[in-house]
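Written out below as structure tokens is the structure these notes cover.
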Amino acid sequence: MKRIGVLTSGGDAPGMNACIRACVRTAHYLDMEIFGIERGYDGLIAGDIKQLGPRDVSDMVQRGGTLLRTARSKDFQTEEGFARAVAMMGNFKLEGLIVIGGNGSLAGAIDLKKAGVKVIGLPGTIDNDLPFTDFTIGFDTAVNTALWAISNVRDTSNAHERVTIIDVMGRECGDIAIYAAITGGAEIVLVPEIPIDLDDVCRNLIESRKRGKTSSIIIKAEGVDIDSNVLDAEITKRTGLDVKVVVLGYIQRGGSPTAADRLLASILGSKAACLLHDDISGVAVGQVGGKVVWPELEEAMSMKMASVNELDNLAKMLAI
Ligand code: F6P
């Protein structure tokens, strides 16, 4: 291929800029023209498309957010919008497209593939909820941000001998919660993959006090089916302990990407451009066991997620 496009879609994730940079510079290295599409599929529909040179991505490797901006496009889900998006590929003579995003964005990439667009999907989301890759771009930074918050909360939690519930993102995936819990030394972690038992949570809190702990951190993933304030009220009622809630929210989506995220973004972005250059498309590019893999998009998205049980057990064991 000689002329390709790149877009970011869905929730932004730290490392998206490093990934765009890798796509752009690899494309130039391989003598391809590359175009940036603004605001995800919305920009493809509207034709908000501009050529990118190597200097357009200068000073970007360390930045959070996405220089192309992003959106969760409603229009793309309509027949008319989708048809316009496909037509725009032709209008701009784009032979291939790189989509950097999460679940919804890569589902959109599968639809484009079915419509004949030569597309490659890259995993860009903090949630780590894509089964074809060990880690998604942005996950490591989000965990580190959660970790920074846990450390701060631990100081004040200790000082007041409190229970603090830290509510983290992740949609239906508990990975941010469980990685942050293990590395941050949380007493309890609640993830959507494992049913929660409130009696058990309260018993653990009381028993940990008996073992000499004077404060407790609970990490709760957003996908867990109980609101953090309800959890706060229940724990307070059942244990009499002093409980506070901290919702991390969008703080986890921003910030300068970690080295791990920049490296992953660079490897996957560059590989996607190389594959399109060799006319290979219709795949998702990920990394499994340190090796870059590129299964067919449909197969990639229907793989089974890795179990969190082992890490959950580790978190419990280390919280004693
Ligand atoms: O997918 C990333 C994510 O931050 C999820 O963790 C969260 O559920 C969702 O996006 C929030 O989406 P929005 O930016 O549309 O509020």
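Note that the coordinates shown come from a computational prediction; the quantities given were computed from them, not determined experimentally. As the structure lists them, so they are numbered: ligands from 1, and atoms in each ligand from 1.
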| message | Out of Ile126, Asp127, Thr70, who is nearest to atom 6 (O) of ligand 1 when you count heavy atoms only? | response | Asp127
| request: Heavy atoms only: give me the nearest Ser73-Asp42 pair and the separation to one decimal. | output: OG-OD1, 2.5 Å
| note | protein heavy-atom neighbour closest to atom 8 (O) of ligand 1 works out as Glu222 OE2, 2.5 Å
| query | How far is atom 12 (O) of ligand 1 from its nearest protein heavy atom, and which residue and atom is that? | reply | Arg72 NH2, 2.9 Å
| request: Anything under 30° is parallel, anything over 60° is perpendicular, the rest tilted; go ahead and classify Phe76 against Tyr41. | output: parallel
| message | For Glu161, is there an ion pair with Arg209 - N to carboxylate O distance below 4.0 angstrom? | response | no
| message | Do the side chains of Lys213 and Glu187 get close enough for a salt bridge, i.e. N-O under 4.0 angstrom? | response | yes
| atom 3 (C) of ligand 1: nearest protein contact (heavy atom, Å) | Arg253 NH1, 3.4 Å
| said: Could you check whether Glu95 pairs with Arg3 (Lys NZ or Arg NE/NH1/NH2 to Asp/Glu carboxylate O, under 4.0 Å)? | reply: no
| request: List every atom of ligand 1 that sits less than 4.0 Å from any heavy atom of Met169, numbering the atoms from 1 in the order shown and giving each element. | output: 4 (O), 6 (O)
| query | With sequence neighbours left out, which residue pairs that include part of residues 192-201 fulfil the salt bridge (charged side-chain N to carboxylate O under 4.0 Å, His left out) condition? | reply | Asp199-Arg238, Asp200-Arg203
| said: Give the atom numbers and elements of ligand 1 that come within less than 4.0 Å of a heavy atom of Tyr250. | reply: 13 (P), 14 (O), 16 (O)
| request: Answer yes or no: does an N/O atom from Gly170 fall short of 3.5 Å to an N/O atom of ligand 1? | output: yes
